[in-house]
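Note: hydrogens, waters and symmetry copies are ignored here, and every other heavy atom, side chains too, is used. First the proteins, then the strands, lettered A, B, ... as listed; each starts at 1.
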Amino acid sequence: MNTLVNEIKPYEFDEIERRFQERWREEGAFEVSEDKSRPKFYCLEMLPYPSGDIHVGHVRNYCITDVITRFKRMRGFNVLHPIGWDALGLPAENAAIKHGTHPETWTRRNIAGMKAQLQRLGFSYAWSREIATCDPSYYRWNQWFFLKMLEKGIAYRANSPVNWCPSCLTVLANEQAEGGTCWRCNSAIEIRDMEQWFLRITDYQDALLDDMDGLSAWPERVLQQQRNWVGRSSGAEASFPIEGGGTIRIFTTRIDTTYGATFCVLAPEHPMVDTLMTGADQSAKTTLARLRGQDRRARLSGQVEKEGLFTGRYATNPFSGERIPIWVANFVLMGYGTGAIMAVPAHDERDFEFARKYGLRVHPVILPQAAALDGATMAEAYTGPGEVTGSAEFNGLSSETAASRMTAHAKLRAFGGPKTAYRLKDWLISRQRYWGTPIPVVYCDKDGVVGVNESDLPIVLPADAPFTGEGGNPLEKVEAFVKATCPRCGGPARRETDTMDTFVDSSWYFYRYCSPKAEDSPFDKAAVKYWFPIDLYVGGIEHAILHLVYSRFWTKMMKDLGLIDWVEPVARLFPQGMVHKDGEVMSKSKGNTVAPDDVIQRYGADTLRLYILFAAPPELSMEWSETGIEGPHRFLLRVWRVVQKRAGKGWVAKADFRTLSGNGATLRRKVHQTIVRVTGDIDERIHLNTAVAALMELTNEIYRLEEGLRGDSDAAALSEALDTLIVLLSPFAPHACEQMWLDLGHAKSLVDEPWPNADATAMREIATEVAVQVNGKIRARVLVPAGADDAAHKAEALADPGVKAHVEGKTMVKAIIVPGRLINLVVK
RNA sequence: GCCGGAGUGGCGGAACUGGCAGACGCACGGGACUCAAAAUCCCGCGUUGUUCGCAACGUGUGGGUUCGACCCCCACCUCCGGCACCA
């Protein structure tokens, strides 16, 4: 019978965790107000979609923010750490159709379940600020914003070719149909001409790019993706007169090559094509129809072979006066620039490929490094800069100079001028589905499209819509909803049944957290001014474009509405890595998820938190391993045991550490070095894995030295070590630490315990081990007293027998000495 | 093709500003405790050679700069992410 084992209180994590979770909840431990006496810290995580169950992949996101917020709070910050639910959206409606329930029932049930899961993990949320975007008290402000934007012309209705997902039965924004597939279900997108609601995000395209200069704490890869997405390119426009009347407007980034244009190309969808080809024969018309019918996805990705046809018509190059044929071809896209180009095969790869296929003339006008090019024989286009040739008065200029002179010339002669093209399109926000924010407008026979009165908000989703999955938007079938009166003339009107894209909801939710109960405005201006900007935003990299571009746009738009006076919502963005299992990203659709509940049952929430943070740096993907979790669990048990050995023996007041020596001093040095490491790892670098490693090292050191500690000073050093270990560990494993803190004799909760400062004196070493190199190779390690000068370092090195052997009989060229670290003796 | 990021033991990873490569953990091997097992504790753990003192090699490959390179430069290979017929 081992009596020692019986003396130690067992680590009953389930009981401990539930008890402290209950206490934090009762005390409202993480509720905050706009306390101006302390510096604020707003830490945000991307609000989850209540899909049903969370898996450990989600948990990772919340573990990172939880450690940081608990740490910041202990450092004296007034920390806002809110949570909410991105509760509108398609899966709820699909579930309703499948199971015969209501989307709201499904959503509320999922929220309740997921909330319980999050609480079981002990996350430090300000629960009183919880929001759900499906609450009319939330989405009424979506409607309010919409009315403001409608007034300012930022929201508008237009007929245009839009992306239609035949599986989700709704239109999608450009961003959500990238590559021609639906972002949600991957179905191939169809293009339909429909009248839809748009937000004029293109008004902000330059601001979205230029304001990035202020986003120095955003990862470059995210900025790069957003830059690509906005796709700004500077060039020029020019008109090419058509023989027999009209002009073709083209966009180019290489106006310096205009004298080399040997044909023009229009996109098959270009509005002028039909007119130009009125007289064309049947086979040409058949070809055109085929080009128009080609798979848009394949065309966009360049996987379709270049194909085109001659219209039979000619245009005139406005610079050279040259007569060039007009073609229609599938490689020119209607959605970019003007949908028409001047083709310069000698200096553009695509034009070159097309010209060679159809035997069109290749005419070089740029000389690479003054070498001549032959249009008949060149094997590929020359796309670099060079000296302009064959271009009348522009000959001899560099391509750069020629471009600006020719742009000016075009402007002077009124056939063109400078022009910037963008890839970004306006944000299409209407959706033909029920479970979203109703767009607050009515259609009146007399007044047309009219926004509802602000006093009529919110326009609430009717509870009695039929979810059959057939016959379009369920809202259309609710007579009481559709029937409306015109706010302008009071006559009969039909209510809009389209709802908003759910990305509207998530574009400004982080403002709502500042005053979630505000009733006569989307948020309280003073509260928002106090908390903004968001100091740290943690979430998945998959939102680099969609959510983060929309959010930045929304903030800029709100500034123009006079609601705020800044242009960027997020100071620092931290995209966390994904959790993988069996080499694949963990996800519901892959069926490889691990539920936190099972892990908590076996090891406890504290172990789960520690493991997730220890296994990999937060920004890298981590592989979930069933055996790896044993390490952090054993670590926690080791801490528990060494604490329990001292528990109940009373807290030892700080002794006079100046007399400390031997093991006590060694321990104390380690303690204070650990404070420096853990603080830096959490605060600046967010390298939480190495912070945990440092705490493991400290624990190992306590175990190593514990038995050799003697006397009051040593006891005080041990007491300080245990206290510090628990405080530093508490953001990672808060429940166990709260318990151990009590066991060590403290009365108050750790939640507001001040974070320790390192004592520089304690960290000072008496003597340091210094590496000795001879000609760059390590030959020995010698002990050098702290603060020793170069000569003393050198003397210690030369006294070492191992070093002597490598130096003897040779001439000392020089000695490089890095005090306290390294000595390198260079000999010949 | 273009733009980012990365490549370190059997594995996850560490090395912060050019200064002791492999911290911390997993797995594995050995030992203690035990009737036994689990748990725990201790020791070992890059490769090769070894007279057990050490020695040589070693951070994707090849070169370079430097007293000194995982770190900087040049060329290349591989992997991951993004963009891609954007004129």
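- At the heavy-atom level, A/Val826 lies under 4.0 Å from the strands shown only through sugar-phosphate atoms.
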For nucleotides 3-13 of chain B, print each protein N/O atom paired with a nucleotide N/O atom at under 3.5 Å, atom names and distance only.
residue	atom	partner	partner atom	Å
B/rC3	O2'	A/Gln224	NE2	3.4
B/rG12	O2'	A/Ala615	O	2.6

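- When every heavy atom of A/Ile68 is checked against every heavy atom of A/Ile686, the shortest pair comes out as CD1-CG2, 3.8 Å.
- For A/Arg779 and B/rA55, the shortest distance from a side-chain N or O to OP1 or OP2 is below 4.0 Å.
- Backbone-only engagement by A/Asn700 is indicated by non-hydrogen atom pairs under 4.0 Å involving sugar-phosphate atoms exclusively.
- A/Ile255 contributes atom CD1, which lies 6.5 Å from atom CE of A/Met342 (distance to the nearest 0.5 angstrom).
- B/rG9 shows a glycosidic angle within 90° of 0 and is accordingly assigned syn.
- Within the nucleic acid shown, A/His806 comes within 4.0 Å of sugar-phosphate atoms alone, with no base atom in reach, counting heavy atoms only.
- Under 4.0 angstrom from either OP1 or OP2 of B/rA56 there lies no side-chain N or O belonging to A/Lys777.
- Nucleotides B/rC77 and B/rG60, compared at atom C1', are 7 Å apart to the nearest Å.
- B/rG53 shows a glycosidic angle within 90° of 0 and is accordingly assigned syn.
- At a threshold of 4.0 angstrom between heavy atoms, the contacts of A/Glu769 include nucleobase atoms, whether or not backbone atoms are also involved.
- Nearest to the side-chain atoms of A/Lys814 among the listed nucleotides B/rC67, B/rA87, B/rC26 stands B/rC67.
- Rounded to an integer number of Å, the gap from A/Lys306 NZ to B/rA84 P is 15 Å.
- Salt bridge absent: A/Arg254 and A/Asp348 never bring a charged side-chain N and a carboxylate O closer than 4.0 Å.
- Contact between the side-chain N/O atoms of A/Asn824 and the OP1/OP2 oxygens of B/rU66 is not found at any separation under 4.0 Å.
- Across all non-hydrogen atoms, the minimal contact from A/Asn330 to A/Pro268 is CA-CG, 4.1 Å.
- A/Arg821 has no side-chain polar atom (N or O) that falls below the 4.0 Å cut-off from OP1 or OP2 of B/rG18.
- Paired regions of RNA chain B, where each region holds three or more successive Watson-Crick or G-U pairs whose two hydrogen-bonding distances fall under 3.5 Å, are B:1-7 with B:77-83, B:10-12 with B:24-26, B:28-32 with B:40-44, B:46-49 with B:54-57, B:60-64 with B:72-76.
- Between the CZ atom of A/Phe319 and the CZ atom of A/Phe240 there is a distance of 8.0 Å, given to the nearest 0.5 Å.
- You'll find that the side chain of A/Ile816 is closest to B/rC67, out of B/rC20, B/rC67, B/rA84.
- When the P atom is compared between B/rA37 and B/rG30, the two are found 13 Å apart, to the nearest whole Å.
- Atom NZ in A/Lys670 sits roughly 12 Å away from atom P in B/rA23 (whole-Å rounding).
- In this structure, A/Arg685 atom CZ and B/rC16 atom C1' are separated by 5 Å, rounded to whole Å.
- Residue-level contact check: A/Val813 touches neither bases nor backbone, having no heavy atom under 4.0 Å from any strand.
- Atom CG of residue A/Leu688 and atom CD of residue A/Glu619 lie 9.5 Å apart, to the nearest 0.5 angstrom.
- Taking the C1' atoms as reference points, B/rC11 lies 31 Å from B/rU17, given to the whole Å.
- Atom CG in A/Leu688 sits roughly 21 Å away from atom P in B/rA23 (whole-Å rounding).
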Determine whether A/Arg677 and A/Asp681 satisfy the following criterion, salt bridge (Lys or Arg N to Asp or Glu O under 4.0 Å), listing intermediate values before the conclusion. CA-CA 6 Å; A/Arg677 279 181 62 186; A/Asp681 282 352; 5.1 Å; no
Summarise protein proximity over nucleotides 39-50 of chain B in one line of letters, 5' to 3': B for base, S for sugar-phosphate only, - for none, counting protein heavy atoms closer than 4.0 Å. -SS---------
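- At the heavy-atom level, A/Ile341 lies under 4.0 Å from base atoms of the strands shown.
- Rounded to a whole Å, the CG atom of A/Leu825 is 16 Å from the P atom of B/rC20.
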Could you walk me through whether A/Trp327 and A/Leu360 pass side chain to side chain contact (heavy atoms under 4.5 Å, CB included), step by step? CA-CA 11 Å; A/Trp327 284 64; A/Leu360 295 158; 3.7 Å; yes
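- Comparing B/rA23, B/rG19, B/rA21 by their nearest atom to the side chain of A/Ala693 picks out B/rA23.
- The cationic group of A/Lys306 lies under 6.0 Å from the six-membered ring centre of A/Phe331 and within 45° of the ring axis, placing it in a cation-pi geometry.
- B/rG9 and B/rC71 have their P atoms separated by 15 Å, with the value rounded to a whole Å.
- Comparing A/His687 and A/Asp351 by the nucleotide of RNA chain B whose heavy atom lies nearest to each, the residue mapping closer to the 5' end is A/His687.
- Checking B/rC83, B/rA87, B/rC16 against the side-chain heavy atoms of A/Arg677 singles out B/rC16 as nearest.
- Sequence order on RNA chain B of the closest nucleotides to A/Thr627 and A/Val770 puts A/Val770 first from the 5' end.
- Geometric assessment of A/Arg423 against the ring of A/Trp229 yields a positive cation-pi assignment under the 6.0 Å and 45° thresholds.
- Spacing of C1' atoms, B/rU59 relative to B/rC70, comes out at 5 Å, to the nearest Å.
- Among A/Leu783, A/Val784, A/Val782, the one residue that satisfies the side chain to side chain contact (heavy atoms under 4.5 Å, CB included) test with A/Glu769 is A/Leu783.
- Residue A/Tyr703 holds its OH atom at 5.5 Å from CZ of A/Arg638, rounded to the nearest 0.5 Å.
- A straight line from CH2 of A/Trp229 to C1' of B/rG82 spans 12 Å, rounded to a whole angstrom.
- For B/rG81 and B/rC24, the C1' atoms lie 28 Å apart once the distance is rounded to whole Å.
- With A/Arg356 contributing its side chain and A/Glu380 its backbone, the two residues share no donor-acceptor pair below 3.5 Å.
- Here the NE2 atom belonging to A/His363 is positioned 13.5 Å from the CZ atom belonging to A/Phe263, to the nearest 0.5 angstrom.
- For B/rG58 and B/rG4, the C1' atoms lie 30 Å apart once the distance is rounded to whole Å.
- Put simply, CD on A/Glu349 is 11 Å from P on B/rG1, counting in whole angstrom units.
- Note that CZ of A/Phe13 and CG of A/Leu637 are 9.0 Å apart. Values are rounded to the nearest 0.5 Å.
- Comparing the C1' positions of B/rG12 and B/rC28 gives a spacing of 15 Å, expressed to the nearest Å.
- The distance between atom CD1 of A/Ile686 and atom P of B/rC16, rounded to the nearest whole Å, is 18 Å.
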